[in-house]
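To start, the structure itself, in structure tokens.
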Amino acid sequence: MIAAIGYSEYLGRRVAPLLRELNRPGDPFIVGTDHPHSSRSAVRPERMVITDRDAVLANQNIDTVYISSATGRHFDDCRAALAAGKHVLVEKPACLKAAEVLELDGMARACDRTVFECLSYPHHPSWADFVARVLVENWTDKVSVSAVFRIPEREPTDFRRHPGHGGAAADLGTYCVDALVRLGAVAEDLDIGTVLLAGSDSDGGAAITSRLIDGRTFTYTGSWAVGDCYSNGVVVADSHRRMELIRAFSPPLDAPGQVIERRPGDVEPKIVAASEATNATRACLTAGMSHLRDSTTAGVVDCPAILRRVAALETQA
């Protein structure tokens, strides 16, 4: 049986109905939160039961916990769930510090449990389409790879604005750095800093590195901010073409994913790959459950990659 700890807006709106599908028909979906009256979610799906965190951890019928608390609490909630003998699905980032990732991995291995970080975007088929197209292109000697995720202003109480929960680096920066690494950047080589926009109190950051691959120079840049205009996409470009995955980090549920190519002189961009409309959250949860059900899997899934990404962002988060 799967239950949740924490009650985010994302849980109520997007995840809880999918998790409920994984339980037996008719079973309620149990959410344990220490702050039921100040929940960030205004949505309550039917057959949802709100209780406290300790009640979820003590329930012997619950073998898996989905962690949807504010980011700064992920580590403590994951550790408590493992101590209670539960498998863990945790919203990204699993932790804010590299040392915490290592501790969770060791703890999970010791108790033969699995921790899976739910970072949904790479599970959407449009991401696989984009990477496949990038790999087969005959790029010139100078290639730029950029990942951008910026969102408009949020209330001062929003968890993304709270330093204790990692700010924009932990939320939006996780996407950008993860995408750059998946496209060939070396996490340890990323130069990551804070960005303050003129005349704004926006919380933002940037990452940059270069790498020589097969005689070609790839320059990787990431940019993220809360309190800016909306921007969400990944682009790979050289002097002859620009390949883009729009809405890369939050692909819409009701529209196909599209990889767009632009070339000098083109009047309109060309769609070079299109995938069917897919719920990336469901695809991610399905992948997570396959790891949890694999008796040979223990520890933090993809621990080395998560560790490198968290370490790269740690000073900003």
Side-chain angles (χ1 to χ4, degrees), residues 2-23 28-57 62 64-81 86-96 100 104 115-121 123 149 151-175 178 203 224 226 232 249-253 279-285 288-289 306 310 317:
I2 300 175
I5 289 177
Y7 192 8
S8 68
E9 183 275 337
Y10 182 70
L11 174 73
R13 173 175 56 87
R14 181 72 67 86
V15 184
L18 302 178
L19 293 174
R20 196 177 59 211
E21 293 174 3
L22 300 173
N23 286 334
F29 181 66
I30 302 173
V31 176
T33 175
D34 297 337
H35 307 283
H37 301 297
S38 59
S39 166
R40 291 182 279 132
S41 176
V43 182
R44 180 177 294 191
E46 60 176 316
R47 298 198 309 277
M48 177 181 282
V49 174
I50 305 297
T51 184
D52 59 72
R53 175 179 179 267
D54 290 343
V56 168
L57 296 176
I62 296 171
T64 302
V65 172
Y66 179 89
I67 306 295
S68 188
S69 52
T71 310
R73 297 192 59 176
H74 285 182
F75 173 61
D76 287 340
D77 286 338
C78 286
R79 189 167 52 178
K86 319 295 187 187
H87 294 291
V88 176
L89 301 167
V90 56
E91 292 178 355
K92 61 80 193 147
C95 304
L96 294 178
E100 294 173 345
L104 285 186
V115 178
F116 181 83
E117 182 189 62
C118 295
L119 183 61
S120 297
Y121 85 92
H123 297 276
F149 204 174
I151 61 176
E153 186 63 72
R154 292 296 192 267
E155 294 294 327
T157 55
D158 189 281
F159 76 101
R160 298 175 184 86
R161 305 306 301 268
H162 195 297
H165 298 308
D171 183 38
L172 307 175
T174 291
Y175 289 103
D178 188 82
D203 173 15
W224 57 88
V226 175
N232 176 353
F249 303 125
S250 58
L253 300 179
N279 187 325
T281 304
R282 176 181 275 115
C284 179
L285 292 173
M289 292 305 298
I306 293 173
V310 170

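In this chain, numbering begins with 1 at the start of the sequence shown.
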Does [X] reach the side chain of [Y], with side-chain heavy atoms less than 4.5 Å apart?
| X | Y | answer |
| --- | --- | --- |
| Arg79 | Leu104 | yes |
| His74 | Ser69 | yes |
| Pro17 | Phe29 | no |
| Ile2 | Met289 | yes |

Could you tell me the separation between the [atom1] atom of [X] and the [atom2] atom of [Y], rounded to the nearest 0.5 Å?
| X | Y | atom1 | atom2 | result |
| --- | --- | --- | --- | --- |
| Tyr10 | Cys118 | OH | SG | 8.0 Å |
| Phe149 | Ser250 | CZ | OG | 4.5 Å |
| Leu285 | Leu18 | CG | CG | 6.0 Å |
| Arg282 | Leu19 | CZ | CG | 10.5 Å |
| Phe249 | Leu119 | CZ | CG | 9.0 Å |
| Ile151 | Asp171 | CD1 | CG | 6.0 Å |

Self-check item: Pairing residues for Arg53 by the side-chain hydrogen bond (donor to acceptor under 3.5 Å, both in side chains) criterion, not counting sequence neighbours
Solution: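 If we apply the side-chain hydrogen bond (donor to acceptor under 3.5 Å, both in side chains) test to Arg53, skipping adjacent residues, the hits are Asp77.
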Exercise. Return the set of residues passing ring pair (Phe, Tyr, Trp, His ring centres under 6.0 Å) with Tyr66 (not counting sequence neighbours), or none when no residue passes.
Key: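 None.
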Who passes side-chain contact (heavy atoms from CB on, under 4.5 Å) against [X], sequence neighbours left out?
| X | result |
| --- | --- |
| Ala55 | Thr51, Asp52 |
| Ala81 | Leu57, Val65, Lys86, Val88 |
| Leu253 | Arg14, Asn279 |
| Pro93 | Thr71, Leu96, Glu117, Ala170, Thr174, Arg309 |

Exercise. Verify side-chain contact (heavy atoms from CB on, under 4.5 Å) between Tyr7 and Met48, making sure each step is shown before the conclusion.
Key: CA-CA 11 Å; Tyr7 192 8; Met48 177 181 282; 3.5 Å; yes
Quiz item: Checking salt bridge (Lys or Arg N to Asp or Glu O under 4.0 Å) for the pair Asp76/Arg73: CA distance, chi angles, key distance, verdict?
Solution: CA-CA 6 Å; Asp76 287 340; Arg73 297 192 59 176; over 6 Å; no
